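A quick write-up on the structure given underneath.
Lettering follows sequence order; numbering is per chain, from 1. In this text the structure is predicted, and so the values were computed from the model without any measurement.
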There are 2 protein chains.
Amino acid sequence: MLKSAALAETPPPMRRGRPRKSEQERDESLRRAELVRAAAQLFRAKGFDATPTRDIAAAAGMQSGSPFYYFESKSALLLAVMCDGMAQAKARQDAALQALPARAPARERLRALIRQHFEVLLGAGSDFIPVMLYEWRSLTAEQRQQVAAQKDGYEAAWMPSLNALHRTGQLQARPAVARLFIFGALNWTVQWFDPAGPRTLDDLTEQALCLFVGKA
Amino acid sequence: MLKSAALAETPPPMRRGRPRKSEQERDESLRRAELVRAAAQLFRAKGFDATPTRDIAAAAGMQSGSPFYYFESKSALLLAVMCDGMAQAKARQDAALQALPARAPARERLRALIRQHFEVLLGAGSDFIPVMLYEWRSLTAEQRQQVAAQKDGYEAAWMPSLNALHRTGQLQARPAVARLFIFGALNWTVQWFDPAGPRTLDDLTEQALCLFVGKA
DNA sequence: CCTACCGATCGGTAGG
DNA sequence: CCTACCGATCGGTAGG
């Protein structure tokens, strides 16, 4: 496949101002992203250990050794899946909270957080976060720290809502432990939720809210 | 190691009535159990795929090929871990419910179930159930069915309590979905609970109860 | 149960 | 990025 090299060597006429290097870089980062996407899907479907790097290469349209041109090791690829996933999830979370009316009640803030979390866990093509949740063990200690930092930021955003709900008595467990239990309940849905089944994410969200903080 | 063979060939004087075969069988089943225990511990610590059968053999004091004298494959050993674990968990569950005063309130029945589940998940030397929860993927379809049947029986025992709590309004989500969320919350504790930390299983149980069905 | 071993798979690399 | 390949590991078996 010499296509991308040819493009880089002969810049297309309409893109006069662009330096060559940038084209190359864009192409490289596209291929890299394709590898991460393919890896996420396979890691989720078969598990990290059970996924040969050769399969990831094939899914990205490459030969067996090529992933190691982009990533120094298989676990570096796993780390990329997790970090990309967390960055995306955090961005969506911020957007979901921004979209709320100013001074929305805590119950509605929690609803938005839960709903958005389901989206990221169970939505079409969302393999990144499930991989992060279930493949921790395959990271090195340093890699784990890196992901943990992002995860902590994501989960910390839930505490203001939980604290507020505790103050009003709607949340009856201590907020810190409640957060751990709640994430467990939500994260476990990837084990049983069937996107082809009758349950909608809205229904799931409402039921989770009822379970944790009761009806409105 | 000829010790066990020697014992079988020359029955000990005090055990006059016992036939040889039974001694041999008992010895075999002890060794088998030792393999299952070692496998459970390693599968939990490192994951199924990342655990070589050689390590399991060594942990049980055997040579590399010997586990295959007792189990036809590595995944048969995994199945044994899960089935033994579920059988034990179910037995403890029955005992916990029996120990309750007759006509105990539903909240107390749920408390007993949660407390017992924590014991099985987080207690010392309880590796079987965590392995069952996190290594599904490594079973064949038929093996999965076998474990699923036991798991269904275990989880079904929670429904009478959940239904009762729903009727009284203490549980505000639909019982069927609530059960899924609740097991998620509880099962996830294996990811974060530190037995050496300050939290006790009693405190955890109380907090879970408050979260799901509120204070007494 | 052990010894000795096979065949396959796999992560990763050199060299272009 | 590809080609060709290495070294190591691993599940499982034969034969006793």
Side-chain angles (χ1 to χ4, degrees), chain A residues 1-9 20-21 23-36 38-39 42-43 46-81 135 138-140 143, chain B residues 1-9 20-21 23-36 38-39 42-43 46-81 135 138-140 143:
Chain A
M1 253 173 224
L2 295 169
K3 211 172 116 204
S4 61
L7 266 171
E9 279 162 37
R20 288 175 191 182
K21 195 148 185 205
E23 289 267 347
Q24 262 174 9
E25 273 169 7
R26 200 186 53 120
D27 209 61
E28 289 229 344
S29 88
L30 281 178
R31 293 240 169 204
R32 203 190 113 105
E34 181 58 20
L35 273 173
V36 175
L42 287 163
F43 289 161
K46 313 206 309 166
F48 176 78
D49 286 317
T51 301
T53 54
R54 283 159 167 78
D55 285 7
I56 300 170
M62 297 176 185
Q63 296 302 314
S64 68
S66 303
F68 298 96
Y69 171 75
Y70 295 94
F71 295 92
E72 69 170 350
S73 68
K74 189 185 176 185
S75 83
L77 187 44
L78 176 60
L79 178 64
V81 169
E135 302 290 347
S138 299
L139 296 177
T140 67
Q143 290 174 327
Chain B
M1 252 168 230
L2 295 169
K3 212 173 114 203
S4 61
L7 266 173
E9 278 161 37
R20 291 177 187 178
K21 196 146 185 205
E23 288 267 349
Q24 262 177 10
E25 273 169 4
R26 205 186 49 120
D27 208 62
E28 289 230 341
S29 88
L30 281 178
R31 293 240 169 203
R32 204 190 113 104
E34 181 57 20
L35 272 173
V36 174
L42 287 162
F43 288 162
K46 313 206 309 166
F48 176 80
D49 285 318
T51 301
T53 55
R54 283 158 167 77
D55 285 7
I56 300 169
M62 297 176 186
Q63 295 303 314
S64 70
S66 303
F68 298 97
Y69 171 75
Y70 294 94
F71 295 92
E72 68 170 349
S73 68
K74 188 185 178 186
S75 84
L77 186 45
L78 175 61
L79 178 65
V81 169
E135 301 291 347
S138 299
L139 295 177
T140 66
Q143 290 174 325

Distance (rounded to the nearest 0.5 Å) between [X] [atom1] and [Y] [atom2]:
X: B:Leu78; Y: B:Leu139; atom1: CG; atom2: CG; value: 5.0 Å
X: A:Leu77; Y: A:Arg32; atom1: CG; atom2: CZ; value: 8.5 Å
X: A:Met62; Y: A:Thr53; atom1: CE; atom2: OG1; value: 12.0 Å

* Do nucleotides 4-16 of chain D as a string where each nucleotide becomes B, S or -: B if the base has a protein heavy atom under 4.0 Å, S if just the sugar-phosphate does, - if no protein is that close. => -B----BBBB---
Residue pair [X] / [Y], side-chain heavy-atom distance below 4.5 Å:
X: A:Val81; Y: A:Glu135; answer: no
X: B:Gln143; Y: B:Ser138; answer: no
X: B:Tyr70; Y: B:Glu34; answer: no

* Is DNA chain C part of any stem, that is, at least 3 consecutive Watson-Crick or G-U pairs with both distances under 3.5 Å, and where? -> C:1-16 with D:1-16
* Asked: Do A:Tyr69 and A:Glu28 have a side chain donor and acceptor closer than 3.5 Å?
  -> yes
* Whole-Å gap separating P (C:dT3) and CD (B:Gln63) -> 5 Å
* How many Å lie between OH on B:Tyr69 and P on C:dT3, as a whole number? -> 16 Å
* Asked: With sequence neighbours left out, which residue pairs that include part of residues 57-66 of chain A fulfil the side chain to side chain donor-acceptor pair (under 3.5 Å) condition?
  -> none
